[in-house]
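Structure record follows, encoded as structure tokens.
Indexing begins at 1, ligand by ligand and atom by atom, following the structure's order. Just so it is clear, the values below take in all heavy atoms, side chains as well, and ignore hydrogens, waters and symmetry mates. Model, not experiment: these values are computed from the prediction.
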Amino acid sequence: MARKSKFQAPTGMHDILPEDQPYYQRVFQVGEEIAQFYGFQRIETPILENLELYEKGTGASTDIVEKQMFTLKTKGGDMLALRPEFTPGIARAYFEHGMVDRPHPVKLYATGPVFRYEHPQSGRYRQFHQFNLEVFGEQSAAIDAQVIQMFYSMLSDLKFSHLIIEVNSIGDSQCRPYYKKLLANYFRTRQNALCADCKRRLRINVLRVLDCKEEKCQRVRAQAPQIIDHLCDECKRHFRSLLEFLDETDLPYHLDPYLVRGLDYYTKTVFEIFSERLAQQEQEGGVSRNALVAGGRYDNLLKLYGGKEVPAFGGAVGVERVAEGMRRFGFPAVHEIVPRVFLAQLGDLPKKKSIRLIEEFRKARIPLAESLGRDSLRAQLARADKLEVQYTLILGQREVLDNTIVIRRMDTGEQETVPSERVVEEIRRRLKKI
Ligand code: HAM
């Protein structure tokens with residue numbers, strides 16, 4: 001039971017306890033298997049980056065940069081920010097390390113904590129983890145479809161079912177400005193029917209009015225012009241091609257004309273993946289529906305950092321949301337190693353000998369439990385019983401002097417003394433028989 005302590009973790013930040021670790025490990029394990037199969041290489045970037053990287057990339061007027069950054073000034077006067085997402089840091093590293101000269105596409109994956117000063121609620125934290133994929137240097141919609149497929153496979157390998165992929169195209173610098181004008185004109189004439197936040201969004205980024213969750217704004221939105229009808233030829237072709245690829249893979253997708261995403265760098269494809277089962281529970285619990293994965297194409301971001309146009313596509317899994325879903329639905333996590341042998345020692349000399357013996361079992365890859373802090377045989381056998389091991393090894397003074405060890409079969413209580421140099425092999429042989 002939790003006890004009151006003088007200190008708690010900061011608001012919106014959580015300890016990931018030993019009992020939760022197998023879920024997190026499973027998410028990373030499945031993600032890495034898929035990433036490596038598809039030729040992605042791991043990259044690690046610093047948790048802190050220059051604040052300007054996010055202001056320029058993620059976008060100075062986005063919620064993330066405007067309201068959710070954890071920033072600090074170094075003693076030398078640099079303004080740094082705890083990363084609120086991976087994409088800008090990885091794009092910076094791409095240029096900084098000359099990856100632009102490597103064979104393309106350059107495919108990178110990254111995992112780790114990210115930080116956003118959010119209003120904490122279910123599925124929304126101030127420190128959370130992402131599993132992130134980025135592909136640099138590929139224009140074809142085949143890559144959009146393949147990365148979406150990878151995230152979908154990851155969730156289904158983790159045993160999520162009833163998944164739905166929402167996709168949209170938000171155009172590019174050719175067609176979006178005109179569409180934004182149209183949209184702004186439409187909403188401006190209906191301003192009074194919008195919530196206060198949307199009135200502000202109307203001035204800063206009118207696209208964000210489209211994904212407002214307020215019912216009254218959604219009523220106004222229903223008649224708004226849709227970007228799909230105003231894409232330029234290039235974006236239309238790209239989007240059509242993406243849908244053809246998705247049809248070919250049989251992925252369950254849904255075209256959501258209101259999906260716009262809250263980061264500035266996206267062009268053309270944007271997507272989010274939801275679990276319908278989780279979303280239903282969230283709805284019943286009165287919280288908003290949370291995406292498990294989100295991402296899209298960002299063909300203009302790299303030019304901002306490195307001066308060279310490099311098309312890019314990527315996305316990120318919200319690891320907390322996925323791990324919590326797995327636990328809630330009872331999906332399998334990483335198997336814990338269950339020891340089948342216990343070592344009981346009696347006295348100082350046996351305890352000293354035990355250290356080397358334990359290491360022999362480790363080298364032989366036979367999981368073994370012990371309780372070196374306990375002295376009485378009864379207490380140690382009780383522990384062995386609790387762990388439900390098949391065998392307990394008993395090492396007393398006499399055994400040490402004789403260079404032997406006792407093997408006790410736990411179900412029958414039968415005991416046999418064997419030479420200590422043979423004990424690892426004996427145990428291996430017996431475990432094989434079970
Ligand atoms: P994002 O939509 O901001 O995109 O975040 C991706 C995922 O992180 C979300 O779908 C969600 O599962 C999880 N997430 C976001 N905020 C929170 C939070 N406060 N608490 C818990 N989980 C959260 C990006 O970060 C982009 N960088 C993705 C990307 C990569 N686009 C292109 N490449």
Side-chain angles (χ1 to χ4, degrees), residues 11-14 16 24 27 31 35 40 43 45 49 53-54 57-59 62-65 67-70 82-92 94 106-136 138 143-144 147-148 150-152 154-155 158 160 163-166 170 208 211 259-275 278-279 282 287-302 310-325:
T11 307
M13 301 191 178
H14 300 276
I16 305 174
Y24 283 74
V27 178
F40 282 67
I43 183 164
T45 56
E49 296 273 1
L53 188 79
Y54 300 110
T58 313
T62 57
D63 281 357
I64 293 182
V65 173
K67 305 184 200 157
Q68 299 177 340
M69 301 285 277
F70 285 89
L82 281 176
R83 64 180 174 213
E85 54 151 340
F86 278 95
T87 313
I90 297 176
R92 171 200 54 70
Y94 169 84
V106 171
K107 299 174 171 182
L108 300 168
Y109 77 92
T111 63
V114 289
F115 303 84
R116 296 184 191 174
Y117 192 82
E118 300 240 32
H119 180 62
Q121 50 183 296
S122 161
R124 203 166 281 274
Y125 309 116
R126 290 186 178 171
Q127 177 177 342
F128 58 98
H129 294 75
Q130 286 188 338
F131 176 87
N132 192 90
L133 299 175
E134 311 291 355
V135 182
F136 297 132
E138 186 56 77
I143 280 294
D144 307 26
V147 171
I148 294 174
M150 287 173 70
F151 283 122
Y152 180 85
M154 185 173 163
L155 292 176
L158 291 169
F160 282 89
L163 294 168
I164 184 81
I165 302 162
E166 313 228 311
I170 56 165
R208 298 305 312 277
D211 71 357
L259 179 63
V260 290
R261 313 265 305 119
L263 299 90
D264 268 1
Y265 49 64
Y266 289 116
T267 49
K268 298 181 179 161
T269 311
V270 286
F271 75 95
E272 292 188 337
I273 308 182
F274 293 87
S275 148
L278 261 184
E282 282 161 350
V287 288
S288 59
R289 188 172 83 126
N290 283 324
L292 297 178
V293 183
R297 178 162 282 282
Y298 50 102
D299 291 346
N300 298 333
L301 176 70
L302 277 87
V310 182
F313 190 92
V317 176
V319 177
E320 272 67 9
R321 293 184 187 172
V322 170
E324 278 162 21

Looking only at protein heavy atoms, which one is nearest to [atom], and what is the separation?
atom                    : value
atom 8 (O) of ligand 1  : Gln130 NE2, 3.2 Å
atom 12 (O) of ligand 1 : Ala291 O, 2.8 Å
atom 4 (O) of ligand 1  : Arg261 NH2, 3.0 Å

May I ask which of [options] has a heavy atom nearer to [atom] than the others do?
atom                    : options                        : answer
atom 30 (C) of ligand 1 : Thr58, Val293, Thr87, Val270   : Thr87
atom 29 (C) of ligand 1 : Tyr125, Tyr298, Tyr266, Phe128 : Tyr266
atom 32 (C) of ligand 1 : Ala294, Ser122, Gly314         : Gly314
atom 19 (N) of ligand 1 : His129, Glu85, Glu118          : Glu118

Flag Phe86 as yes when one of its N or O atoms lies below 3.5 Å from any N or O atom of ligand 1, and as no otherwise.
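No, there is no polar N/O contact under 3.5 Å.
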query: Does any N or O atom in Ala316 lie less than 3.5 angstrom from one in ligand 1, N or O only?
result: no
Return the CG to CD distance between Asp63 and Gln68, rounded to the nearest 0.5 Å.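 It comes to 5.5 Å.
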### Message
Assess whether a salt bridge exists between Arg261 and Glu272, defined as any Lys/Arg side-chain N lying under 4.0 Å from an Asp/Glu carboxylate O.
### Response
yes
**OP:** Using the six-membered ring wherever Trp is involved, compare the ring planes of Tyr125 and His14 and label them parallel, tilted or perpendicular (cut-offs 30° and 60°).
**Re:** perpendicular
Any heavy atom of Phe151 under 4.0 Å from ligand 1? The part involved is neither
Gly123 heavy atoms within 4.0 Å reach ligand 1 at atoms 20 (N), 21 (C), 22 (N)
*asked:* Closer than 4.0 Å to some heavy atom of Glu134 - which atoms of ligand 1 meet that?
replied: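 So the atoms of ligand 1 that pass are 30 (C), 32 (C), 33 (N).
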- Item | Short side-chain to backbone donor-acceptor contact, Thr267 and Asp299, under 3.5 Å |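 Judged by distance alone, yes, a pair lies under 3.5 Å.
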For Phe313, does the six-membered ring have the charged nitrogen or CZ of Arg297 within the cation-pi criterion, i.e. under 6.0 angstrom from the centroid and within 45° of the normal?
no
At the 4.0 Å heavy-atom cut-off, does Arg321 count as touching ligand 1?
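Per 4.0 Å heavy-atom rule, Arg321 contacts ligand 1.
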